[in-house]
Amino acid sequence: MNVVTGTLQPGEARCPAESTQDIIAADRNAAPAWAASESYHYLGSEDVSKERYTDPAFAKGEFERMWTRTWQMACREDHIPEVGDYYVYDIGQYSFVVTRCDDDEIRAYFNACLHRGTKLKPSGTAGFAANLKCPFHGWTWNLDGSLKEIPEKWDFAHTATRKMCLPEARVERLGGFVWVNIDPAAPSLEDYLGAEALAHLKAWKLEDRYIYLHVQKSYPANWKLTMEAFMEAYHVGDTHPQVAPANGDVNSQYDVYGDHVDRFISTLGVVSPKLRDKYSEADIIANFTLGDSSSLGGSKPELKAGERARQVMADMFRDMFETATNTDLSHVSDTELLDTYSYTFFPNLFLFPGISLPMIYRFRPDARDHRRTIYEVMFMRPKPKDGSEVETAEVEILQDHQSFAEAEGMDPGFGHILDQDTDNLYAQQEGLEASAKPGLTLGDYQEVRVRHFEQTIDKYMAMPPYHPDFQALQRP
């Protein structure tokens, strides 16, 4: 139980209620080490400058200093299962054709013809190609990036002594994801993530999941504001009042791992400490909301005298998720079944490895408008234990006026939660630009992920610009 004892140092204050770890420790099926751990660090109390969200020059600096040096999730391996399959990943002005060029080799080519610069594949596309052919004049490259053909080659004799293979970003694979990095001098992905966060990621075995729903929508707000809307549970009481009767919020846990990973744990099946005297254990059952409620067939359990809603929900989820997804969850703890585990992998990826809320968020800035963000939500399910085939979902793109609840396959209740989160962004972007106050004031604990994220941004912004070197990015 969190209690106040004497004078607290900055960052030591906690909600005076049972902690996340108190709740998890009472579960019947014990939590794994990665869940039953804490890694908070006080990172200061200074305001964060508002110009990073409002100044187009700051956005330009991010593209020159940060996006060109960081590891980013381009796609899932399941997006390109066969040789010749490709997936186009765009980040700002940069675009990459991520392709499986051999059974066990994936490469990411800069998506531009070496003739006159035409994109080899349109942005936002995926498919199959036996080679990479420019649609303008027909220059063609093999899947391994080597030049295959120049039409009317007699007119290009001067290219014979030049290296004409496609330049590449670095590629690493981890957790079923394909990660790319433009900078040849960047650390390896494992070093970038750090040992502790890497151990967490490997323990989740996300390579055994698949994406069954993928929805994208754009917002008129800076990409960092959009990400930060999802970094804390402090907003739940006012933004999502309908979930507070079944969701820990102000007693959520926040952790930091190195420069590039952080997380929060928000418990499900417990009432918010702010509402403890207003809702019963039965009310908790009646009010819970899932990201994938289709697995439950619309039913909710009845609570018997003396039972804890959290344990009843965990037992029910285990049985029903196993049946609905044809998987074995006997080895999974109660907290993994129930709770929201939200990890940020810098710069633009959120991973939610839990069973009841198994999601991926990806955020990308619009290179033409620093006030606009491309936001993607991908829902995962465990791959069937019998090895039967599953299909990776194609992206469904919503228009600005559409609700997430309109997306085909989206749980309407959860779609409404996403709308509530993102509706705040309009007022926040406009408010920051109208404000006389030069910065944002953050909580020391509940908003430490926001501070951590912005401090890492600052570390990259202090570096000199890095511009891709065409020759250095070609294979020998």
Side-chain angles (χ1 to χ4, degrees), residues 34 67-91 94-111 121 125-129 132 142-145 166-212 214 257-258 260-261 343-353 358-362 364 376 378-383 387 389-393 395 473 475:
W34 61 264
W67 290 107
T68 52
R69 288 186 167 101
T70 50
W71 284 100
Q72 298 156 49
M73 187 275 282
C75 63
R76 293 281 292 171
E77 290 192 53
D78 291 342
H79 281 116
I80 49 172
E82 305 293 337
V83 174
D85 289 344
Y86 70 88
Y87 185 100
V88 177
Y89 173 66
D90 289 349
I91 181 64
Y94 296 106
S95 181
F96 303 93
V97 180
V98 183
T99 186
R100 190 176 292 273
C101 61
D102 203 345
D103 287 340
D104 197 39
E105 186 171 13
I106 295 172
R107 298 188 185 182
Y109 301 114
F110 281 72
N111 188 14
K121 297 295 179 185
T125 65
F128 170 84
L132 299 175
N142 296 305
L143 292 179
D144 66 2
L166 292 173
E168 303 175 41
R170 292 169 60 188
V171 171
E172 292 199 31
R173 290 180 280 174
L174 181 64
F177 298 100
V178 179
W179 308 71
V180 298
N181 192 319
I182 300 175
D183 184 6
S188 68
L189 177 60
E190 292 197 355
D191 288 342
Y192 178 90
L193 298 179
E196 189 169 6
L198 180 65
H200 291 202
L201 178 54
K202 289 183 175 180
W204 307 333
K205 298 188 182 302
L206 295 183
E207 61 272 17
D208 296 333
R209 310 273 187 98
Y210 73 99
I211 295 173
Y212 76 90
H214 185 174
Y257 306 97
H260 297 116
V261 184
Y343 286 74
T344 306
F345 288 79
F346 188 88
N348 64 332
L349 181 69
F350 280 60
L351 295 182
F352 298 76
M359 298 188 302
I360 303 164
Y361 290 169
R362 182 168 63 184
R364 292 176 291 157
E376 296 171 85
M378 303 170 229
F379 283 86
M380 298 180 288
R381 283 177 179 159
K383 293 180 179 178
E389 290 189 11
V390 291
E391 186 173 346
T392 300
V395 63
L473 296 170
R475 296 221 171 204

Carefully, step by step, assess Y89 and R364 under the rule side chain to side chain contact (heavy atoms under 4.5 Å, CB included).
CA-CA 10 Å; Y89 173 66; R364 292 176 291 157; 3.8 Å; yes
If we check side-chain contact (heavy atoms from CB on, under 4.5 Å) with I211, which of these qualifies: V395, I360, V390, D78?
I360
Go through the structure and list residues passing side chain to side chain donor-acceptor pair (under 3.5 Å) with T70, not counting sequence neighbours.
Q72
What residues form a ring-ring contact (aromatic ring centres under 6.0 Å, His included) with F352, not counting sequence neighbours?
Y361
Please give me the minimum heavy-atom distance between L143 and C101, naming the atom from each residue.
O-CB, 3.1 Å
For K202, salt bridge (Lys or Arg N to Asp or Glu O under 4.0 Å) partners two or more places apart
E190
Nearest heavy-atom neighbours spanning G145 and Y109
N-OH, 2.9 Å
According to side chain to side chain donor-acceptor pair (under 3.5 Å), who are the partners of T99, at least two apart in sequence or on a separate chain?
none
Enumerate, atom names and distances included, each donor-acceptor pair closer than 3.5 Å involving a side-chain atom of residues 168-187, sequence neighbours excluded.
| residue | atom | partner | partner atom | Å |
| --- | --- | --- | --- | --- |
| E168 | OE1 | R475 | NE | 3.3 |
| E168 | OE1 | R475 | NH2 | 3.2 |
| E168 | OE2 | R475 | NE | 2.7 |
| R170 | NH1 | D183 | O | 3.2 |
| R170 | NH1 | P184 | O | 3.4 |
| R170 | NH1 | A186 | O | 2.6 |
| E172 | OE2 | L189 | N | 3.1 |
| R173 | NH1 | E77 | OE1 | 3.4 |
| R173 | NH1 | D104 | OD1 | 3.4 |
| R173 | NH2 | D104 | O | 2.9 |
| R173 | NH2 | D104 | OD1 | 3.3 |
| W179 | NE1 | L174 | O | 3.2 |
| N181 | OD1 | D183 | N | 2.9 |
| N181 | ND2 | R69 | O | 3.1 |
| D183 | OD1 | A185 | N | 2.9 |

Could you go through Y210 and R381, starting from their C-alpha distance and side-chain angles, then the distance that decides it, and tell me whether this counts as side chain to side chain contact (heavy atoms under 4.5 Å, CB included)?
CA-CA 6 Å; Y210 73 99; R381 283 177 179 159; 3.7 Å; yes
So, using ring-ring contact (aromatic ring centres under 6.0 Å, His included) as the criterion, who are the partners of Y343 when residues are at least two apart?
H200, W204
To the nearest 0.5 Å, how far apart are CE in M359 and CE in M380?
8.5 Å
Sorted by chain and residue number, the salt bridge (Lys or Arg N to Asp or Glu O under 4.0 Å) partners of D85 (sequence neighbours excluded) come out as none
By side chain to side chain donor-acceptor pair (under 3.5 Å), which residues pair with R76, not counting sequence neighbours?
none
The test is side chain to side chain contact (heavy atoms under 4.5 Å, CB included); show your working for L193 and W71 and say whether it passes.
CA-CA 9 Å; L193 298 179; W71 284 100; over 6 Å; no
Can you sort out the partners of N142 under side chain to side chain contact (heavy atoms under 4.5 Å, CB included), two or more places apart, ordered by chain and number?
D144, S146, K148
Would you confirm whether R100, through its side chain, and I80, through its main-chain N or O, come within 3.5 Å as a donor-acceptor pair?
yes
ring-ring contact (aromatic ring centres under 6.0 Å, His included) partners for Y86, two or more places apart
none
Using the ring-ring contact (aromatic ring centres under 6.0 Å, His included) criterion, which residues pair with H214? Sequence neighbours excluded.
none
Minimum heavy-atom separation for A74 and R362, please, with both atom names.
O-NH1, 2.9 Å
Please list, chain by chain and in numerical order, all residues satisfying side chain to side chain donor-acceptor pair (under 3.5 Å) with S188, sequence neighbours excluded.
D191
Look at the aromatic rings of F379 and Y212 and report parallel, tilted or perpendicular, splitting at 30° and 60°.
tilted
d(L166 CG, F96 CZ) to nearest 0.5 Å is 12.5 Å
Under 3.5 Å: donor-acceptor pair, side chain of Y257, backbone of L198
no
